[in-house]
Amino acid sequence: MKLWFDITNTPHVHFFAPIIRHLSEKHHDVVVTAREFSETIPLLNSYGIDFKLIGVHMGKNRIMKVIGLATRLVSILKEVPPFELSFGIGGQNTTPVSFFRRKPSIVFTDNDTSYKWHSYKLGSHFIFPTYFDVQKVIKKFGVKREQIHLYDGFKEDIYIANYKPDPKFLQKLPFDDFITIRPENLKASYVPVDAKTIVPELFEKFKNENILFLPRYEYEKEYAREYNNIFIPKGPLSGLDVCFNTKAMLTGAGTFAREAAILGTPSVSFFPGKNFLTVDKIMQDKGWEFKSRNPDEIFQYVQSAQKRPNQIDRCKAVQMELFSIIQNILNTYR
């Protein structure tokens, strides 16, 4: 089958990479489009995934985001060759294009706090983790239960299943013993407009620790200018190798927090929003992920936290379950 994947953000690359590889090995014809944002393009290149670049991120301004979405959809309609089924995370771009071309679409998401109404109205199949609150999309958007497919795990399980630690990773850093800090994404639409970063406060709290700092934007590098215990890499690092080797992962968003938690690393989320995804709440309830925006609380947690065994074997089973779900969907269109 001719399959179209649209990738618009860095975490999408990790998630789709094993799926694209699996389907390519099954002799499907895969086409990938991508939007330039954060480390999306370098990561696609690192995975050796061929793609067509269409569009750029338009920032946090809602008007500009709508303009960016509309212009990108027009470009996709012009440039993407015929396909039989589309794959997208959130489905913001894939569902309207698929609907216009009268082709089915598969939408993946674990985000049950922010809803893209047109994706649920236009999408054909929805693949969620079992923790996802499916009743919301059934009641609010009229999605039929038979359109929903559930896998028993987390989105991050799908690619952590293939993870093998790089024995030479620490050679890329100036230290072996370190914590990692990743800022909040204050430009994201899901972050409150008045949100402020706590990264400078964290730097001060952990001034006696080696810190690997992974800024999202160039201006964030200024936070570290006066500290000699902070290392900022010149290029992208393997996020999973970071999570595996760091003493603790402190992040203002969810993906790194969940990756670290699954790999058994003490994980802190200082996400500035009030509404956490259900998958994050589950991890917090299990004690895998610590939630706080209080620098003192975060410091105390990191000082006392211990590493746990990783869950790669469980991830492998989850990945196989997802592959089976996808195959069952594909079989309905043969």
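Treat the numbers as computed from the prediction; the structure is a model and nothing was measured. Residue numbers run from 1 in the order of the sequence given.
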Beyond-backbone contact of Arg35 with Thr40, side-chain heavy atoms, under 4.5 angstrom: no

Test item: side-chain donor near acceptor, Glu184 and Thr197, under 3.5 Å: yes

Gln319 side chain to Tyr159 side chain, donor-acceptor N/O pair below 3.5 angstrom: no

Side-chain heavy-atom pair Phe206, Ile179 within 4.5 angstrom cut-off: yes

Whether Asn210 side chain and Asn229 backbone form a donor-acceptor pair below 3.5 Å: no

Atom pair CD (Gln92) and NZ (Lys116), whose distance is rounded to the nearest 0.5 Å: 5.0 Å

Asn45 and Phe51, any side-chain heavy atoms less than 4.5 Å apart: yes

Nearest atoms (heavy-atom pairs only) where Leu85 meets Ile106: CD2-CD1, 3.7 Å

Partner residues of Phe175 under the ring pair (Phe, Tyr, Trp, His ring centres under 6.0 Å) criterion, sequence neighbours left out: Phe178

Check: Tyr151 ring centroid to Phe128 ring centroid under 6.0 Å: no

Salt-bridge criterion met for Arg314 and Glu156 (N-O under 4.0 Å): no

Side-chain touch Val279/Lys155, heavy atoms, less than 4.5 angstrom: no

Beyond-backbone contact of Arg101 with Val80, side-chain heavy atoms, under 4.5 angstrom: yes

Pairwise distance OG1(Thr255) to NE2(His12) - rounded to 0.5 angstrom: 8.0 Å

Arg216 versus Pro183, closest heavy-atom pair with distance: NE-O, 2.8 Å

Any side-chain heavy-atom pair of Phe132 and Phe126 under 4.5 Å: no

Residue pair Asp133 / Thr278, side-chain donor-acceptor N/O under 3.5 Å: no

Matching residue for Phe87 among Ile127, Val30, Val107, Leu23 - test: side-chain contact (heavy atoms from CB on, under 4.5 Å): Leu23

Centroid-centroid distance, Phe203 to Phe213, less than 6.0 Å: yes

Side chain Glu222, main chain Tyr219, donor-acceptor under 3.5 Å: no

Thr33 and Asp6 side chains, donor-acceptor separation under 3.5 Å: yes

Candidates Ser105, Pro104, Ser124 - the one meeting side-chain contact (heavy atoms from CB on, under 4.5 Å) with Ser86: Ser105

Pairwise side-chain contact, Ile76 with Trp4, heavy-atom cut-off 4.5 Å (strictly under): yes

All N/O donor-acceptor pairs, side-chain side in residues 134-142, below 3.5 Å, sequence neighbours left out:
none

Tyr163 and Asn310: side chain donor to acceptor below 3.5 Å: no

Heavy-atom side-chain proximity of Leu212 to Thr246 below 4.5 angstrom: no

Full working for side-chain hydrogen bond (donor to acceptor under 3.5 Å, both in side chains) between Asn185 and Tyr217: CA-CA 9 Å; Asn185 191 358; Tyr217 306 104; 2.7 Å; yes

Gap between atom CD1 of Ile230 and atom CZ of Arg225 - 0.5 Å precision: 12.0 Å

Output field: ring centroids Phe16/Phe108 closer than 6.0 Å: yes

Short N-O contact, Lys247 and Glu209, less than 4.0 angstrom: yes

Glu84 vs Lys103, salt bridge (charged side-chain N to carboxylate O under 4.0 Å, His left out): CA-CA, chis, key distance, verdict: CA-CA 6 Å; Glu84 295 172 80; Lys103 297 296 180 180; over 6 Å; no

